[in-house]
Protein chains: 2
Amino acid sequence: MRDVAAEAGVSVKTVSRVVNNERWVSGEVTDRVERAIRKLGYRPDARARAMRNSGLAGRTLGVVHADLANPFFTAVHSGIEAVAQEAGCTILTASSRDKTDNQDRLIQTFNDRRVDGFIVVPAVDTTYGSSSALDEEIERSTPIVFIDRRYGEQNDFVRSDNVAGAKMAAEHLVAHGHQRIAYLGDHPNLWSAQRRELGYVEALGASGVDIDERLVLTGLYDEAAAASAAEQLLELDAPPTAFFAAKNYLAVGVVRALHRLGKQNDIAVVGFDEIALADLVVPGITTIPQNAPALGRIACELLLDRLDNGRTEPIEEVVPVTLIRRGSGEVAGPFATDRP
Amino acid sequence: MRDVAAEAGVSVKTVSRVVNNERWVSGEVTDRVERAIRKLGYRPDARARAMRNSGLAGRTLGVVHADLANPFFTAVHSGIEAVAQEAGCTILTASSRDKTDNQDRLIQTFNDRRVDGFIVVPAVDTTYGSSSALDEEIERSTPIVFIDRRYGEQNDFVRSDNVAGAKMAAEHLVAHGHQRIAYLGDHPNLWSAQRRELGYVEALGASGVDIDERLVLTGLYDEAAAASAAEQLLELDAPPTAFFAAKNYLAVGVVRALHRLGKQNDIAVVGFDEIALADLVVPGITTIPQNAPALGRIACELLLDRLDNGRTEPIEEVVPVTLIRRGSGEVAGPFATDRP
DNA sequence: AGTATCCCTGACAACGATGTCAAGTGCACT
DNA sequence: AGTGCACTTGACATCGTTGTCAGGGATACT
């Protein structure tokens, strides 16, 4: 910047004025400075810039995902990125791999970089117990938006309609003649998992179907866990005739188990979340996809709203879900009527 | 920091010394300062820190992906992230969505943030033509590592063994009795796509199989393009009996087309890249997965090597690939012998 | 002529940290 | 007592930028 000033024969402050399009700079000087800038290939240092005025220079947002390897979160991220790029924000992204330790360290790191706000999908073990780092940020009222998993009651929160989605799944299976419907869920303390289980319970209750506790398994994290859980359930004296798998990986695990056992056409499956190639498997996998990009987009918009408009009262946004029939959810159960 | 100094009754410089574990600070003062730091919850500003000494404070790396929505790049990213976190680096990530414009803007943005180095998967239209932003970085010898797509000859470059992988695919299909093997490829100017086509051509040549130019289609970017290309090829008078799809999305498109036509058990398919649920489709999709996390890991290590050890001569790292049989690649062709 | 107003510019301090240098303690050695 | 060395601390300049304020020239008003 000094070099530019020297080249143009003006002071550094004037260069700053030209760069920032401030008023009251004569056209001739502006020209000289702009020529000098181009000649020397000068670009302002966003860090130094941000040190003085925390607003005008592009904002920086910190995004902490639970697990970026999961395509659901990748899709969420694309929504965030779209809005952030549109608004000229830089985003720092990282994945906690569902460990509160990692998550808290990342928040610290982002804080050292003085991000203007956070978008967080709390790690699975953060949703019970708690995170000192998150508590601290909330305490000092850093703008922060949560996605998918609730953290506290007074914070911005963007989520899918988990209860409604789970109800749709359970009702769909009941309508296709199933009464013994197994529920496979993620960690029981995970907020979204609780909501899905609640939807399952409510829907079955409303349909007058008794719930067999032995068919409700939670604490399942990955494909392998879901697959072996499914296999065990199918060995019961009164095995389930249908599965509701409340997360993408779990549905894949169930389907894989059914294929191993050759029962994919006898047992029904509905999975929460979208699954790639779900339509190519035979039978196709019936799913309840979330509108993941919308979750990300809305979260980013809420954050920018806090940042730009100084909003402080918390907002909760709910995105609807729908069920997509592909075959696995339409396998007829023992109580099926002709036309479900 | 000033507050901490006041609280501890020392100068700011002494606080700095404590924070940085410099020698020659008395134990008593260290204690006082550390207590003050904890009491006030002080954390040093990484940006201000980086302004003076470009090294000691955590480095910042800029990662520009071509398309983060593609699971291949997501997997690459997890490798980068693992190494970067290990080394205490922060990474700025963004996706160019395969547009040079976006890519160049991102590089500018990262530059404004004064990142210490770049990891780049050049946008597809950067690999011909060129990118002024990339050229400029190379010109001023910014540390930079390319992944998957070559950019220039004198830069670090990490890639899979595309030629060998494509040869494996073609030879595998020939060994299963196929002679009319279609090649579906990405943009013809994309480096990795060229290499895969080369492998295909060489393998067929070595096997004494004539190449029918009508079976070689390139410039296909997504599933839909590959699906309709496959359908058109199958309407030829002499249709292909096998497909080599040189990218994950293209293989999915072909498989989808075959399923629509009910020919999935008659026409063989081998796909480059891994595909989720490839084993659950019937027949399973034979693929040549890349070791994506390794690509990311190595790239990040190379970058850190440039940064820490000041290496300047370019290194090219090649990661091997293997073929995984799942069924679709083993569909017998018209010239099949008993035991391929 | 005096002065109020607009317009343009630059000197200087600040942001939050570290590098440099000099000064101040002790202590052991000549 | 004087010198040298090891240790400990702080004042100050610096990184690259912007906010504040003051100053100067032109123009238009009393």
Side-chain angles (χ1 to χ4, degrees), chain A residues 1-37 40-60 88 90 108-116 140, chain B residues 1-37 40-60 88 90 108-116 140:
Chain A
M1 185 156 180
R2 255 210 283 284
D3 301 338
V4 174
E7 172 77 22
V10 297
S11 74
V12 287
K13 178 60 201 184
T14 300
V15 175
S16 165
R17 273 193 262 261
V18 172
V19 170
N20 290 47
N21 273 318
E22 284 179 40
R23 291 171 317 174
W24 294 331
V25 188
S26 71
E28 190 227 347
V29 172
T30 305
D31 274 3
R32 268 209 327 265
V33 172
E34 279 177 348
R35 253 199 305 279
I37 287 177
L40 299 176
Y42 162 81
R43 299 216 92 214
D45 184 326
R47 301 169 309 178
R49 204 164 230 217
M51 274 180 59
R52 285 294 270 154
N53 67 349
S54 56
L56 304 177
R59 303 172 175 297
T60 309
T90 310
Q108 298 268 11
T109 305
F110 289 175
N111 250 325
D112 293 350
R113 291 278 194 300
R114 301 296 190 264
V115 298
D116 299 291
R140 64 170 112 152
Chain B
M1 184 156 180
R2 253 210 284 285
D3 301 338
V4 174
E7 172 78 22
V10 298
S11 74
V12 286
K13 177 62 201 182
T14 301
V15 176
S16 164
R17 273 192 263 261
V18 172
V19 170
N20 289 49
N21 271 318
E22 283 178 41
R23 292 171 315 175
W24 293 332
V25 188
S26 72
E28 190 227 346
V29 172
T30 304
D31 273 4
R32 268 210 326 265
V33 172
E34 281 176 349
R35 253 198 305 279
I37 287 178
L40 299 176
Y42 162 80
R43 298 217 92 213
D45 184 326
R47 301 167 310 176
R49 203 164 230 216
M51 275 181 58
R52 283 293 266 150
N53 66 351
S54 56
L56 303 177
R59 304 171 175 297
T60 310
T90 310
Q108 299 266 10
T109 305
F110 288 176
N111 249 326
D112 293 349
R113 292 273 193 305
R114 301 296 191 265
V115 298
D116 299 291
R140 65 171 110 155

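Proteins come first, then strands; the chains are lettered A, B, ... in the order of their sequence lines, and each starts at number 1.
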Restricting to nitrogen or oxygen on both sides, can you table the protein-nucleotides 4-6 of chain D pairs closer than 3.5 Å?
none

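- Atoms CD (B/Glu22) and C1' (C/dT20) sit 12 Å apart, rounded to a whole Å.
- The two residues A/Arg49 and A/Asn20 make their nearest non-hydrogen contact at NH2-OD1, 3.3 Å.
- Rounded to a whole Å, the CG atom of A/Asn20 is 7 Å from the P atom of D/dG19.
- Listed by chain and number, the residues in a side chain to side chain contact (heavy atoms under 4.5 Å, CB included) with B/Asp45 are A/Arg114, B/Arg47, B/Ala48 (sequence neighbours excluded).
- Residues passing the side-chain hydrogen bond (donor to acceptor under 3.5 Å, both in side chains) test with A/Gln108, sequence neighbours excluded: B/Arg43.
- Listed by chain and residue number, nothing satisfies the side-chain hydrogen bond (donor to acceptor under 3.5 Å, both in side chains) test with B/Arg2 (two or more places apart in sequence, or in another chain).
- Rounded to a whole Å, the CG atom of B/Asn21 is 15 Å from the C1' atom of C/dT18.
- Within 4.0 Å (heavy atoms only), A/Val19 reaches no atom of the nucleic acid at all.
- The two residues B/Pro44 and B/Val19 have their closest heavy-atom pair at CG-CG1, 4.1 Å.
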Quick one: which protein N/O atoms are closer than 3.5 Å to N/O atoms of nucleotides 12-16 of chain C? Pair and distance per line, please.
| unit_1 | atom_1 | unit_2 | atom_2 | d |
| --- | --- | --- | --- | --- |
| C/dA14 | N3 | A/Arg52 | NE | 3.2 |
| C/dC15 | OP2 | B/Arg2 | NH2 | 2.6 |

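- Taking the side-chain hydrogen bond (donor to acceptor under 3.5 Å, both in side chains) definition, one finds that A/Thr60 meets it with B/Arg113, sequence neighbours left out.
- Sorted by first and then second residue, the salt bridge (Lys or Arg N to Asp or Glu O under 4.0 Å) pairs with a member in residues 24-35 of chain B read B/Glu28-B/Arg32; sequence neighbours excluded.
- Across all strands shown, A/Val10 has heavy atoms under 4.0 Å from sugar-phosphate atoms exclusively, and none from any base.
- Contacts classified as salt bridge (Lys or Arg N to Asp or Glu O under 4.0 Å) and involving residues 6-19 of chain B (residues at least two apart or in different chains) are given here: B/Glu7-B/Lys39.
- Within the structure, every side-chain polar atom (N or O) of A/Ser26 is placed at least 4.0 Å from both OP1 and OP2 of C/dC8.
- The two residues A/Val33 and A/Val4 make their nearest non-hydrogen contact at O-CG1, 4.3 Å.
- Relative to the axis of its first five pairs, the axis of the last five pairs of the helix from C/dA1-D/dT30 to C/dT30-D/dA1 sits at 70°, rounded to 10 degrees.
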Go through the steps to decide whether B/Thr14 and B/Ser11 satisfy the test side-chain contact (heavy atoms from CB on, under 4.5 Å), and finish with yes or no.
-> CA-CA 5 Å; B/Thr14 301; B/Ser11 74; 3.3 Å; yes
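- Distances shorter than 4.0 Å separate none of the side-chain N or O atoms of A/Ser16 from OP1 or OP2 on D/dT17.
- For B/Thr14, taking side-chain heavy atoms from C-beta onward, the closest of the listed nucleotides D/dG10, D/dG19, C/dT9 is D/dG10.
- Here D/dG16 presents its C1' atom at 14 Å from CD1 of A/Ile37, a figure rounded to the nearest Å.
- Scored by the side-chain hydrogen bond (donor to acceptor under 3.5 Å, both in side chains) test, A/Thr30 finds no partners at all (sequence neighbours excluded).
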